[in-house]
There are 2 protein chains.
Amino acid sequence: MADRGRPRSFDREEALGRGMELFWLKGFDGASIAELTGAMGIASPSLYAAFGSKEGLFREAVARYLAQEGADIWQAVLTAGSAHAVIERFLMATATAFTLEGRPTGCFVVLSAINAGAASAEVRAELHAWRERNVTGLTQHLARGVAAGEIAADTDLEQVARFYVTVQQGMALQARDGASRAMLEAIAQSALAAWGPLTAGKTVPAGQ
Amino acid sequence: MADRGRPRSFDREEALGRGMELFWLKGFDGASIAELTGAMGIASPSLYAAFGSKEGLFREAVARYLAQEGADIWQAVLTAGSAHAVIERFLMATATAFTLEGRPTGCFVVLSAINAGAASAEVRAELHAWRERNVTGLTQHLARGVAAGEIAADTDLEQVARFYVTVQQGMALQARDGASRAMLEAIAQSALAAWGPLTAGKTVPAGQ
DNA sequence: TTATTTATGTGTCGACCGATCAAGAAAGAA
DNA sequence: TTCTTTCTTGATCGGTCGACACATAAATAA
């Protein structure tokens, strides 16, 4: 990495942050180069010199999002003292992260490249993998709850994890539709009401 | 409506169906006029003569979707014999509708115009209203469950309804991510596990 | 037939898309 | 200073976007 030549006149990290927020708000296709350069305060050749392409910028935006908002959620999960608390913190931290002031609502990973054809197949596969990682991540935490006798041994952990990730994804859409943090927390509490039946064992969770 | 002049050479309803499926699959922005006319088997002037504009076609596609797939779900709900069955049929019919063979997965109303800037503000507001109507619709059905003594009187019905609609919207994303009907049904069953605690009254649903 | 009306196929409009080129500016290396 | 390297600015590339003009074809009305 040469340190010769004219130095960059803008803060790369800050520009990336602005770009991430625009992708977050409008999605990959919805954010045009003209809008991105406007939000980032640079001209397009500078964007291409620094990030290679629109897709390159988007990839870095994904990484940035995961390192920031994503880390907040999993950090909250890590300090949970029980399997139930893992799910509770996962959903509560989600409610907070999806309604931060001054940031787009909902989840970048869920909302920014939904429709086929948006972004490249590679990028969409990458985002898909990150969504699935939420399921595997929660499943691993739940496994410790089984070892601790907190969850019945015959519980389908991945199924439970997938249910709560599905609720989280629904919360992303609710947030994008204007739901407040309090509304998301109420949804989270409703989902947590299923915890007992879901983890109590053989007597199949039946509701009524 | 004049019946003079050269008659239309294509089936308007069938063309609308093809257009609806493309919007469903790729979203409003993602489906270009070129792709639409290709899928519909007509040239662009015919599209504009028959539907006015891309947005006009999209509006009719929304109506068509609601009248078809949407009606299937609410038809299933109408024949439910209890409030619990209302939610169960709502989610089970959703699992079926979101994974029909030969059709796009997930929900047109949820997936086709997510990001800001896609479609016009009017169309997005209209879709938003349809999503909210799911909440009010379920709430009304739940009210009968209270009258029947099936649901505790102090239950926040709209909250319960919103929770299950959130699950449904999460299922739309799971379906778009490749979830099978069986997987969606399992998610639905997990959500139904919350029914007892959610409707049992004062003793707040707490999970653990 | 002739006139009128409507739909179709071909071609194309201005606007915007993502991406670059070329020329000048600002740094270190010699 | 001069050379080399890198970034910035302004202009612009070919392609695609949604939408439409125009001429022609196919129907009814007179």
Side-chain angles (χ1 to χ4, degrees), chain A residues 1-16 18-20 22-23 25-61 112-113 115-124, chain B residues 1-16 18-20 22-23 25-61 112-113 115-124:
Chain A
M1 287 297 173
D3 58 347
R4 286 189 300 185
R6 177 173 174 174
R8 184 176 285 122
S9 68
F10 61 93
D11 185 325
R12 192 180 190 277
E13 289 307 304
E14 186 180 328
L16 174 56
R18 310 274 188 129
M20 178 196 71
L22 198 67
F23 277 133
L25 182 66
K26 306 194 132 195
F28 181 83
D29 285 340
S32 70
I33 295 290
E35 288 172 313
L36 285 165
T37 55
M40 298 164 78
I42 61 178
S44 54
S46 295
L47 188 157
Y48 282 87
F51 302 99
S53 65
K54 184 182 184 181
E55 180 173 325
L57 174 62
F58 185 80
R59 285 176 181 275
E60 291 205 38
S112 64
N115 298 113
S120 70
E122 271 182 32
V123 168
R124 277 186 288 122
Chain B
M1 285 297 171
D3 58 347
R4 285 188 302 184
R6 177 173 174 174
R8 185 176 286 121
S9 68
F10 61 94
D11 185 325
R12 192 181 190 279
E13 289 307 304
E14 186 180 328
L16 173 57
R18 310 275 187 129
M20 179 196 71
L22 198 66
F23 276 133
L25 181 65
K26 306 193 132 195
F28 181 83
D29 285 340
S32 70
I33 295 290
E35 288 172 313
L36 286 165
T37 54
M40 297 164 79
I42 61 178
S44 56
S46 296
L47 187 157
Y48 281 88
F51 301 99
S53 65
K54 184 183 183 180
E55 180 172 325
L57 174 61
F58 185 81
R59 286 176 181 276
E60 291 205 36
S112 64
N115 298 113
S120 71
E122 271 182 32
V123 168
R124 277 185 289 122

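Since the structure is predicted, the reported quantities are computational estimates derived from the model, not experimental observations. Sequence lines set the chain letters: A, B, ... in the order given, protein chains first and strands last, and positions in each chain run from 1.
Atom CD1 in B:I33 sits roughly 15 Å away from atom C1' in C:dA15 (whole-Å rounding). B:L36 has its CG atom 13 Å from the C1' atom of D:dA19, to the nearest Å. With rounding to whole Å, B:D11 atom CG is found 15 Å from C:dA7 atom C1'. In this structure, A:K26 atom NZ and C:dC16 atom C1' are separated by 13 Å, rounded to whole Å. One can place CD of A:E35 at 18 Å from P of C:dA15, the figure rounded to the nearest angstrom. Between the P atom of C:dA15 and the NZ atom of B:K54 lies a distance of 19 Å, rounded to the nearest Å. The interatomic distance linking B:Y48 (OH) with C:dT12 (C1') rounds to 14 Å, in whole Å. One interatomic measurement links the two molecules: CZ of B:F51 to C1' of C:dT6, which rounds to 16 Å at whole-angstrom precision.
Residues A:F51 and A:R59 have side chains not in contact (no heavy-atom distance under 4.5 Å, counting atoms from C-beta outward). Contact check for B:F58 versus B:V123: side-chain heavy atoms found under the 4.5 Å cut-off. Annotation: side chain of A:N115 is not in contact with side chain of B:F28 (no heavy-atom distance under 4.5 Å).
The A:R4 side chain lies nearest to D:dT5 when the options are D:dC7, D:dT5, D:dG18. When the nucleotides C:dA19, C:dT8, C:dA26 are ranked by their closest atom to the side chain of A:P7, C:dA26 comes out on top. Listed nucleotides D:dC17, D:dA21, C:dG18 differ in distance to B:S32; the shortest reach to its side chain belongs to D:dC17.
Mapping B:G5 and B:S44 onto DNA chain C via the closest heavy atom, the residue that lands nearer the 5' end is B:G5. Of the two residues contacting DNA chain C, namely B:L47 and A:G52, the nearest-nucleotide position lying further toward the 5' end is that of B:L47.
In terms of phosphate contacts, B:S9 brings no side-chain nitrogen or oxygen within less than 4.0 Å of OP1 or OP2 of C:dA7. Between A:R6 and the phosphate of D:dT8, there is no side-chain N or O to OP1/OP2 separation shorter than 4.0 Å.
Among A:L22, A:L16, A:I33, the one residue that satisfies the side chain to side chain contact (heavy atoms under 4.5 Å, CB included) test with A:L57 is A:L16.
Separation of atoms CG (A:D29) and NZ (A:K54) is listed at 6.0 Å; rounding is to 0.5 Å.
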